[in-house]
Amino acid sequence: MPRSYVREARKRVGPKKQRIAPIIARLKAAHPDATIALRFRSELELLVSVMLSAQTTDVNVNRVTATLFEKYRRPEDYLAVPVEELERDIYATGFYRQKTKAIRGTMQTLLEQFDGVVPRTVDELVRLPGVARKTANVVAAELGDPQGVVVDTHVRRLSQRLGLTRQEDPVKIERDLMKLVPREDWGVFPHLLIWHGRRVCIARRPLCEDCVLTDLCPSSRV
Ligand code: SF4
């Protein structure tokens, strides 16, 4: 897209600081069901689900955890079976060797340093082996205390299309969004973008004609 066109489009929609409130309000109205798609019944199940969701779909994780969580209920359970058995049980989520190693390391650390209880802060969560900042952010947000804005592929694409960031690197995108999005919306904001990205602002063919953000979006085609 030519630069002059992008400049024009940005001018047309106005500064992002003025657009962010109506963007959030309209997305909340359009996607009242926007929540995490992973299924879990406890903090431990949430943590394991998010760890398993790397490089695969939430649907796939839910399929695996439906039986996994019947068998593994406490941190000790993940350490009580041979490594190969846990690898087999999570095989269908892909990268099963790394994930098994990460889950077992995490369970060990949970028992040794956190009395078997999943911690709530990002700083503590990233001390668990195999728990990266993104995983920690998702878990902390779901536990009611978001300490950042989760940036996945949908959040990245939509933030760029909506002109909320010019960055490519997820860490820098998160920094931009944390400055822009009110803190009370840090938890819900990624879900709103994820659901909007799945239903309307699709990667290859955004359905601008069905979008509630056309007058607020510099990438709108209508
Ligand atoms: S107007 Fe188009 S490009 Fe912008 S958010 Fe909506 S669907 Fe995506």
Side-chain angles (χ1 to χ4, degrees), residues 1-39 49-50 53-62 132-142 144 146-222:
M1 203 180 281
R3 273 199 184 164
S4 57
Y5 179 83
V6 174
R7 246 198 326 268
E8 267 312 300
R10 288 219 171 98
K11 224 190 280 170
R12 172 177 61 81
V13 296
K16 57 188 175 189
K17 282 204 172 121
Q18 284 171 19
R19 288 183 290 125
I20 192 66
I23 286 175
I24 293 172
R26 288 193 209 170
L27 288 177
K28 280 181 179 171
H31 308 288
D33 54 344
T35 52
I36 192 164
L38 295 169
R39 290 202 204 107
S49 294
V50 180
S53 70
Q55 314 287 338
T56 188
T57 63
D58 293 346
V59 173
N60 199 24
V61 173
N62 289 339
R133 183 170 170 83
K134 186 177 154 216
T135 303
N137 257 336
V138 175
V139 173
E142 290 312 310
Q147 288 147 61
V149 178
V150 175
V151 177
D152 78 344
T153 164
H154 294 290
V155 174
R156 176 179 155 156
R157 181 179 75 256
L158 268 77
S159 302
Q160 291 170 338
R161 280 185 180 167
L162 285 164
L164 306 180
T165 183
R166 294 182 190 202
Q167 302 292 342
E168 289 290 331
D169 175 43
V171 176
K172 291 182 182 161
I173 294 174
E174 181 181 1
R175 218 174 289 151
D176 281 352
L177 294 177
M178 283 168 75
K179 276 191 232 147
L180 193 63
V181 175
R183 185 158 188 151
E184 66 267 23
D185 288 321
W186 282 3
V188 75
F189 188 70
H191 294 313
L192 293 172
L193 292 194
I194 289 167
W195 285 90
H196 198 61
R198 284 185 183 144
R199 291 169 172 164
V200 184
C201 192
I202 297 156
R204 283 197 207 144
R205 199 173 51 90
L207 305 172
C208 299
E209 59 283 7
D210 296 328
C211 182
V212 292
L213 303 177
T214 46
D215 57 321
L216 297 168
C217 175
S219 310
S220 171
R221 296 176 184 188
V222 294

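Values below: every heavy atom of this structure, side chains too, minus hydrogens, waters and symmetry copies. Note that ligands are numbered from 1 as they come in the structure, with each ligand's atoms numbered from 1 the same way.
Interatomic distance, CG of Asp176 versus CG of Asp169, reported as 10.5 Å (0.5 Å rounding). With values rounded to the nearest 0.5 angstrom, Leu177 atom CG is found 7.5 Å from Leu193 atom CG.
Side-chain N or O atoms of Arg221 include none that pairs as donor or acceptor with a backbone N or O of Leu207 at under 3.5 Å. At least one donor-acceptor pair under 3.5 Å links the side chain of Asp152 to the backbone N or O of Val155. At least one donor-acceptor pair under 3.5 Å links the side chain of Arg157 to the backbone N or O of Cys201.
Between Arg26 and Asp215, the shortest heavy-atom distance links the atoms NH1-OD1, 2.7 Å.
Note on atom 8 (Fe) of ligand 1: protein N, O or S atoms under 2.8 Å away count 1, no waters included.
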